[in-house]
Amino acid sequence: MSANIIDRRRINGPQRSVEPLYTAEAPEPFANGRVDSRALDQVRPIFIKTGSLATQTSAAASPSGSAYYEQGKIRISCAIYGPRQGRKSNTRMGVFDCDFKYAPFSCSWKKTHIKSPDEKEIALILEQAVAPAIRLEAYPKASIDAFVTVIESDGKAATISAAVNCISAALVDAGIELYDSVAACSMALNGSQWVSDCTQIEEDAASCSLLVARMPSADEVTYVLQHGKTAPEQTDQGIQTCINSCTRVYAVICRYLQASME
């Protein structure tokens, strides 16, 4: 009788073993130029679509505006809700709040659906970068909320800059009054050269990363973020190169928004 007893607490191994598949080693970045053959100051191709979330939700839960943004392998969606009644009823100016999260399958460092401190920090960065462009005095006692979801990430600094661009497009789609749209771009330092819009492999090999958010028409910088040490001359050079890249990204965003209104 003991021969018929099955140990249900033990997980039996497979009857046939298969040799594991090993992924090919990633190419060394900057060994023979960039991996994707881009120029050092070239941004990855950009695709934008506004109003993409309005048709996928019910009328009651439909956002005021939404946008879907692609930049190379980076894929981000953003939904704008508001202006709606804020939590603080005695404020003379509106409030801009941002919620940022990585999808569990979007990157290698995101393991669970629980929000990490890194995501909360990025949400604060996005608020500080985008809020100066919004006419908050036109929305007293109101709240404007942005919900950003990263579907796929390829470079932390590049993902943050892409999220800024996605929020800007979604705000325009929501009809929010703006001083100007915010365009952002990131760079990484390889040796003595600044490289624009780096992938995750390129960022890991770089010694410093830099992100600049800017309102090109108003000629104002809304946010600067740097990780790593550089000489003051290198920082000035990197910021100026980022500003030039922001102008090109801004032109792409404006070209799409104008075409979507026709």
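In this structure, CD in E127 is found 9.5 Å from CG in D145, a value given to the nearest 0.5 Å. Here the SG atom belonging to C98 is positioned 9.5 Å from the CG atom belonging to L124, to the nearest 0.5 angstrom. The structure places CD of Q85 at 10.0 Å from OG of S143, a figure rounded to the nearest 0.5 Å. For the atom pair E121 CD and L126 CG, the distance stands at 11.0 Å (nearest 0.5 Å). Put simply, CG on N165 and CD1 on I167 are 9.5 Å apart, with the number rounded to the nearest 0.5 Å. Taking CZ of R38 as the start and OG1 of T199 as the end, the distance is 7.0 Å to the nearest 0.5 Å.
Side-chain contact between V172 and S181 is present, with heavy atoms from C-beta onward closer than 4.5 Å. Side-chain contact check for I176 versus I144: some heavy-atom pair is nearer than 4.5 Å. Side-chain contact between Y179 and E220 is absent, with no heavy-atom pair separated by less than 4.5 Å. At least one side-chain heavy atom of M187 sits under 4.5 Å from a side-chain heavy atom of T241. For the pair S196 and C185, the minimum side-chain heavy-atom distance is below 4.5 Å. Counting heavy atoms from C-beta on, the side chains of L210 and L189 never come closer than 4.5 Å.
Under a hydrophobic-cluster definition in which Ile, Leu, Val, Met, Phe, Trp and Tyr are linked whenever side-chain heavy atoms come within less than 4.5 Å, directly or via other members, I74 and Y256 are assigned to the same cluster. Cluster membership for M215 and L225, using ILVMFWY side-chain heavy atoms within less than 4.5 angstrom, is shared. Note on L171 and I160: same hydrophobic cluster, where clusters join Ile, Leu, Val, Met, Phe, Trp and Tyr whose side-chain heavy atoms are under 4.5 Å apart, directly or indirectly. Taken together through direct or relayed side-chain contacts under 4.5 Å among Ile, Leu, Val, Met, Phe, Trp and Tyr, L257 and I134 form part of one hydrophobic cluster. Both V252 and V164 are members of a single hydrophobic cluster when ILVMFWY side chains are connected at heavy-atom separations under 4.5 Å.
Remark: Q193 CD is loosely packed, at most 12 non-hydrogen atoms of other residues, nucleotides or ligands lying under 6.0 Å away.
Residues E202 and R34 are paired through a salt bridge, judged by an N-O separation under 4.0 Å between the basic side chain and the carboxylate. Ion pairing between a basic and an acidic side chain is recognised when a charged N comes within 4.0 Å of a carboxylate O; D36 and R44 show no such pairing. Salt bridge E119/K101: absent, no basic N to carboxylate O contact under 4.0 Å.
Considering T149, I122, I151 in turn, I122 is the only one that fulfils the side-chain contact (heavy atoms from CB on, under 4.5 Å) rule with Y102.
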**OP:** Decide yes or no on side chain to side chain contact (heavy atoms under 4.5 Å, CB included) for D41 and N244, but give the supporting numbers first.
**Re:** CA-CA 9 Å; D41 60 344; N244 296 336; over 6 Å; no
**OP:** Evaluate the criterion side chain to side chain contact (heavy atoms under 4.5 Å, CB included) for residue pair V150 and F100; output intermediate values, then yes/no.
**Re:** CA-CA 8 Å; V150 178; F100 178 90; 3.4 Å; yes
**OP:** Decide yes or no on ring-ring contact (aromatic ring centres under 6.0 Å, His included) for Y81 and F147, but give the supporting numbers first.
**Re:** CA-CA 8 Å; Y81 291 87; F147 294 87; 5.7 Å; yes
**OP:** List the steps, then state whether side chain to side chain contact (heavy atoms under 4.5 Å, CB included) holds for W194 with C208.
**Re:** CA-CA 9 Å; W194 287 101; C208 176; 4.1 Å; yes
**OP:** Might you work through the side chain to side chain contact (heavy atoms under 4.5 Å, CB included) test for I48 and I46, ending with a clear yes or no?
**Re:** CA-CA 7 Å; I48 310 173; I46 295 174; 3.8 Å; yes
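Residue I76 comes nearest to A163 through the heavy atom pair CD1-N, 3.6 Å, listed as atom of the first residue, atom of the second, then distance. Of all the heavy atoms in A158 and E203, the pair that sits closest is N-OE2, 3.4 Å. The two residues A67 and A169 have their closest heavy-atom pair at CB-CB, 4.0 Å.
D204 and Q200 share a side-chain donor-acceptor pair at under 3.5 Å. Side-chain atoms of E70 and Y68 form a donor-acceptor pair, as typed in the model, at a separation below 3.5 Å. Between the side chains of T159 and S153, a donor-acceptor pair is found at a separation under 3.5 Å. A side-chain donor-acceptor contact under 3.5 Å links D180 and Y250. A donor and an acceptor atom, one from each side chain of Q226 and T230, are located under 3.5 Å apart. Side-chain contact, D197 with Q42: no donor N or O sits under 3.5 Å from an acceptor N or O. T247 and R214 share a donor-acceptor pair across their side chains, judged by distance under 3.5 Å alone.
Within the 3.5 Å criterion, the main-chain N or O of A213 finds a donor-acceptor partner in the side chain of T222.
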